[in-house]
2 protein chains.
Amino acid sequence: MFQLSKKVEYGLIVLRHMAMKPRGQVFTAKELANEYEIPYELLAKVLQKLAKSGIVVSMQGVKGGYALGQKPEAIIVSDIIRVIEKERPMLAGCYVDGPLSCSIFDICTIRKPLEKIQKNINSLFDKMTIQEIV
Amino acid sequence: MFQLSKKVEYGLIVLRHMAMKPRGQVFTAKELANEYEIPYELLAKVLQKLAKSGIVVSMQGVKGGYALGQKPEAIIVSDIIRVIEKERPMLAGCYVDGPLSCSIFDICTIRKPLEKIQKNINSLFDKMTIQEIV
DNA sequence: TAATATAGGACTACTGTAGTCGTATTTATG
DNA sequence: CATAAATACGACTACAGTAGTCCTATATTA
């Protein structure tokens with residue numbers, strides 16, 4: 001429980017890889033998947049999501065691939081997670097899906113107190129950039 | 001993803017409940033389950049785990065039930081989680097189950113950087129006690 | 001036109017979680 | 001001492017989310 005998904009891990013790994021090479025260099029999903037022994041199709045989808053959000057830029061066709069879309073120090077870990085998972089890492093389901101998602105929302109006594117921890121966690125992911133995992 | 005389990009939520013809710021009442025007061029799993037609309041059998045198991053670890057004390061038989069085993073300010077949230085889930089909240093599976101649990105452990109480049117965030121999260125849960133969610 | 005790359009939807013398999021059920025044991029009390 | 005009410009606990013089921021696969025379409029270079 002309480003773990004980042006494999007998709008997020010794969011995303012972080014390849015973004016870091018790109019960040020370590022000269023700016024603008026292009027990588028194919030295939031070579032990245034080989035390098036890190038990541039299932040190709042899965043990584044491809046991750047890269048497509050990162051591309052849609054501009055974290056990487058994609059080029060189709062022969063000689064295509066992906067390159068970083070921003071400077072490593074501008075790529076925030078919490079953005080990466082949100083792009084890949086469509087949500088921040090949340091301690092409780094009700095933080096994500098609201099009152100209707102929890103049968104005891106009204107009488108829950110721990111939602112507010114846990115928000116303190118939630119905020120702190122948010123700030124950890126907000127502060128870390130790809131630059132810092134190079 | 002990245003959420004505390006319902007069991008942990010239920011555990012926190014009832015421990016807080018107990019902490020708000022006079023020291024030594026005894027509560028049955030049934031009344032706690034009713035009060036917070038928690039499935040009785042599930043809550044019972046949570047309480048049994050908390051009892052085994054001494055966070056609560058249990059008394060069998062008629063007029064039995066559970067009472068807090070320690071002062072609210074001595075009951076640490078991270079201990080509650082560990083007792084109920086048998087592990088801390090971990091960002092990555094390999095932090096829990098070691099190298100053999102991850103096919104790319106050796107070539108993973110993000111394990112160490114993420115440990116910084118992991119440590120910060122640990123400390124958040126280590127610092128919060130039941131006293132603070134009353 | 002062929003080869004190579006991204007784009008993306010549909011599908012399967014697996015795992016973990018939430019919740020249920022059944023039964024044994026303990027203990028207060030009439 | 002019998003009964004009722006409580007904890008103790010293992011086995012089981014149902015469901016949801018994740019990881020991973022497959023297939024086809026589209027773009028681009030040579």
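All chains are named by letter (A, B, ...) in the order of the sequence lines, taking the proteins before the strands, and each is independently numbered beginning at 1.
An OP1 or OP2 oxygen of D/dT7 is reached within less than 4.0 angstrom by a side-chain nitrogen or oxygen of B/Tyr40. Listed pair A/Tyr10 / D/dG20 meets the phosphate criterion, a side-chain N or O lying under 4.0 Å from OP1 or OP2. At the phosphate of C/dA5, neither OP1 nor OP2 sits under 4.0 Å from any side-chain N or O atom of A/Ser58.
Screening A/Leu15, A/Ile76, A/Ile55 for a side-chain contact (heavy atoms from CB on, under 4.5 Å) involving A/Ile130 leaves a single residue, A/Leu15.
For B/Glu41, taking side-chain heavy atoms from C-beta onward, the closest of the listed nucleotides C/dC21, D/dA19, C/dA5 is C/dC21. Proximity note for B/Pro39 (side chain, C-beta onward) versus D/dC22, D/dT7, C/dT20: the nearest is C/dT20.
Along DNA chain C, the nucleotide closest to A/Ala44 and the one closest to A/Val62 are compared, and the more 5′ of them pairs with A/Val62. Comparing B/Ala29 and A/Met59, the nucleotide of DNA chain D nearest to each residue sits closer to the 5' end for B/Ala29.
A/Lys49 places a side-chain N or O within donor-acceptor distance of the main-chain N or O of A/Ile84, the cut-off being under 3.5 Å.
Residue-level contact check: B/Lys52 touches the backbone only, with heavy atoms under 4.0 Å from sugar-phosphate atoms and none from bases.
B/Asp126 has a carboxylate O that lies under 4.0 Å from a charged side-chain N of B/Arg88, or vice versa, which qualifies the two as a salt bridge. Between B/Lys112 and B/Glu115 no salt bridge is recorded (no basic side-chain N to carboxylate O distance below 4.0 Å).
Nucleotide D/dA6 holds its C1' atom 13 Å from the CG atom of B/Leu32, rounded to whole Å. Rounded to whole angstrom, the span from the OH atom of A/Tyr66 across to the P atom of C/dT4 amounts to 17 Å. Atom P of nucleotide D/dA5 and atom NZ of B/Lys63 are separated by 12 Å, given to the nearest angstrom. The distance between atom CG of B/Leu4 and atom C1' of C/dT17, rounded to the nearest whole Å, is 13 Å.
The base of D/dG10 is paired with the side chain of B/Lys45 by a donor and an acceptor separated by under 3.5 Å. Between the side chain of A/Gln60 and the base of C/dT6 there is at least one donor-acceptor pair of N/O atoms closer than 3.5 Å.
For the pair A/Arg111 and A/Phe105, the cation-pi test (distance below 6.0 Å, angle within 45°) is passed.
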